[in-house]
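A short write-up of the structure that comes next.
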Amino acid sequence: MMSHNNQKKIVLINDFTGFGRCSIAAALPVISMLKVQCCPVPTSIFSNHTGFPSFFFDDYTPKMELYIEEWKKMDLQFSGICSGFLGSREQVKIVAKFFREFKREDNLIIVDPVMGDYGKTYSTYTPKMCEEMKKLVSYADILTPNVTELCILTDTPYKERFCLKEYRAMAEKLSEKGPDKIVITGIVQGGFIANYCFERGREPKVIRSHKIGTARSGTGDIFTAVIAADAVNGVSFHKSVKKASRFVKKCIQKSMELEIPITDGVCFEEVLWTLHERGK
């Protein structure tokens, strides 16, 4: 039977940035490569990301609900719903409403709580907005915070190093609010970068890889895109986190080889095909 809902689909709620390889522009091809249709909901439009000296910006908040309303008319159903950077309290509320209206028993909600890094919240995040984001976490099946975001969401004072017992305690605290699966990303351990993989009812696992290069835009979006697509494809969480980590590392390595400016993100296009390699 002909239907809009015959193929697996993931909603991607994030900003659209024309140059710099981040947000929707980075995540969409990754999700597509993993054989899932990606359906974006733009929160704002950027000519290029904010790491450049200047950029064009258009806030899409007033149009988001009109956009979503058309999907309701089509009775679209989604295997997954994935949210990324949100620019205001109003956007967080729109996304929470979207979760309530499109959530089903057989689909998954993935929240990447893009709120800050290196111990500080981003400039757009007021205390009130942080509180709204904490509410959004309760809808998530899978959560992908970095260490800074983990601290904000659990009201934990930030510090450079936590022990594994502390990560577990914070992950368990967050899991009580909703998400069954949490991956704490970007944990620096000497010459390694680690991801702490927590699943409710299972022993946590730490996945480490050698640290290379420097931070680039889009790596978090790519990481979460792999996690989201794998989740709706039934890939185990631990295997998915390992695959996402390895893929991001390949993207960084190739970008360094080709001498891609840091502002331009990672040239994932060169290694996208490796997502289908066996054991990767």
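Source: prediction; values computed, not measured. For this chain, numbers begin at 1 and follow the sequence in order.
Using a 4.0 Å cut-off between a side-chain N of Lys or Arg and a carboxylate O of Asp or Glu, E176 and K173 do not qualify as a salt bridge. Contact check on K103 versus D141 returns a salt bridge, with a Lys/Arg side-chain nitrogen under 4.0 Å from an Asp/Glu carboxylate oxygen. Using a 4.0 Å cut-off between a side-chain N of Lys or Arg and a carboxylate O of Asp or Glu, K73 and E70 qualify as a salt bridge. Taking 4.0 Å as the cut-off between side-chain N and carboxylate O, K97 and E65 count as a salt-bridged pair. Contact check on E269 versus K254 returns no salt bridge, with no Lys/Arg side-chain nitrogen under 4.0 Å from an Asp/Glu carboxylate oxygen. Under 4.0 Å is where a charged nitrogen must lie from a carboxylate oxygen, and between K134 and D155 at least one such pair does. Ion pairing of R168 with E172 is present here, as a side-chain N (NZ or NE/NH1/NH2) and a carboxylate O approach within less than 4.0 Å.
R21 places a side-chain N or O within donor-acceptor distance of the main-chain N or O of V266, the cut-off being under 3.5 Å. A distance-only check finds no donor-acceptor pair linking the side chain of R216 to the backbone of C251 [under 3.5 Å]. Distance alone, capped at 3.5 Å, is enough to place a donor-acceptor pair between the T43 side chain and the D15 backbone. Judged purely by atom type and a 3.5 angstrom limit, Y125 uses its side chain to pair as donor or acceptor with the backbone of V114. In this structure, the side chain of S47 engages the main chain of F56 through a donor-acceptor pair within 3.5 Å. Remark: side-chain polar atoms of T224 are paired, donor with acceptor, to backbone N or O of G220 under 3.5 angstrom. No donor-acceptor distance shorter than 3.5 angstrom exists from the side chain of N48 to the backbone of T17, with no hydrogens or angles considered. In this structure, Q77 contributes its side chain and N5 its backbone to no donor-acceptor pair below 3.5 Å. A donor-acceptor contact shorter than 3.5 Å is absent between the side chain of N14 and the backbone of L86. A side-chain donor-acceptor contact under 3.5 Å links T148 to the backbone of Y118.
Summarising the local packing, CD of E160 is surrounded by 12 or fewer heavy atoms from other residues, nucleotides or ligands at distances under 6.0 Å. Counting heavy atoms of neighbouring residues, nucleotides and ligands inside a 6.0 Å radius, atom CZ of R104 exceeds 12 of them. The 12-atom threshold is not exceeded at NZ of K165, counting heavy atoms of other residues, nucleotides or ligands nearer than 6.0 Å. No more than 12 heavy-atom neighbours from other residues, nucleotides or ligands sit within 6.0 angstrom of NZ on K35. At most 12 non-hydrogen atoms from other residues, nucleotides or ligands lie less than 6.0 angstrom from NZ of K211. Atom CZ of R200 has more than 12 neighbouring heavy atoms from other residues, nucleotides or ligands inside a 6.0 Å radius. Remark: K159 NZ is packed, more than 12 non-hydrogen atoms of other residues, nucleotides or ligands lying under 6.0 Å away. With a 6.0 Å radius and a threshold of 12 heavy atoms from other residues, nucleotides or ligands, K177 has its NZ atom above the threshold.
Remark: F237 pairs with no residue by the ring-ring contact (aromatic ring centres under 6.0 Å, His included) rule, at least two apart or across chains.
The closest side-chain donor-acceptor pair between N233 and K8 falls under 3.5 angstrom. Between N146 and T185, the side chains place no donor N or O within less than 3.5 Å of an acceptor N or O (distance only, hydrogens not considered). Residues Q91 and T61 have side chains that bring a donor and an acceptor to within less than 3.5 angstrom of each other. There is a side-chain donor-acceptor pair under 3.5 Å between S240 and D230. In this structure, a donor-acceptor pair under 3.5 Å is absent between the side chains of S79 and N107. For the residue pair N195 and S245, a side-chain donor N or O sits within less than 3.5 Å of a side-chain acceptor on the partner.
Counting only heavy atoms from C-beta outward, the side chains of I10 and I81 never approach each other to under 4.5 Å. Annotation: side chain of R208 is not in contact with side chain of I193 (no heavy-atom distance under 4.5 Å). Considering only heavy atoms from C-beta on, F198 stays 4.5 Å or farther from L174 through its side chain. Contact check for Y196 versus V183: no side-chain heavy atoms found under the 4.5 Å cut-off. Counting only heavy atoms from C-beta outward, the side chains of M33 and W273 approach each other to under 4.5 Å. In this structure, the side chains of L258 and Q253 stay at 4.5 Å or more apart for every pair of heavy atoms. When side chains are defined from C-beta on, L143 counts as touching P113, because their heavy atoms get closer than 4.5 Å.
C163 and E166 make their closest contact through N-OE1, 2.8 Å (heavy atoms, listed as atom of the first residue, atom of the second, distance). Residues D221 and S23 come closest through the heavy atom pair OD2-N, 2.8 Å. In terms of heavy-atom proximity, G20 sits nearest to S217 at O-OG, 2.7 Å. Closest approach of A171 to I182, counting heavy atoms only: O-CD1, 3.3 Å. Annotation for V95 and S83: closest pair CG1-CB, 4.1 Å, computed over non-hydrogen atoms. Closest of all the heavy-atom pairs between L34 and V226 is CD1-CA, 4.1 Å.
In the hydrophobic cluster analysis, where Ile, Leu, Val, Met, Phe, Trp and Tyr join through side-chain heavy atoms closer than 4.5 angstrom, Y122 is grouped together with V92. Linking ILVMFWY side-chain heavy atoms closer than 4.5 Å, directly or via other members, places M133 and I94 in a single hydrophobic cluster. Connection of M170 to L136 is established within a shared hydrophobic cluster, with ILVMFWY side chains joined at heavy-atom distances below 4.5 Å, either directly or through further cluster members. F98 and L108 sit in two unconnected hydrophobic clusters of ILVMFWY residues. Membership requires side-chain heavy atoms under 4.5 Å apart, directly or through other members.
Ring to ring, H49 and F55 are not that close: their centroids are 6.0 angstrom or more apart.
We find the SG-OH distance between C197 and Y167 to be 14.5 Å, quoted to the nearest 0.5 Å. Interatomic distance, CD of Q37 versus CG of L12, reported as 12.5 Å (0.5 Å rounding). Residue E199 holds its CD atom at 9.0 Å from CD1 of I142, rounded to the nearest 0.5 Å.
Hydrophobic side-chain contacts under 4.5 Å tie F19 into a cluster, directly or through other members, with F52.
Using the six-membered ring where Trp is involved, W71 and F78 have ring planes that are tilted, between 30° and 60° apart.
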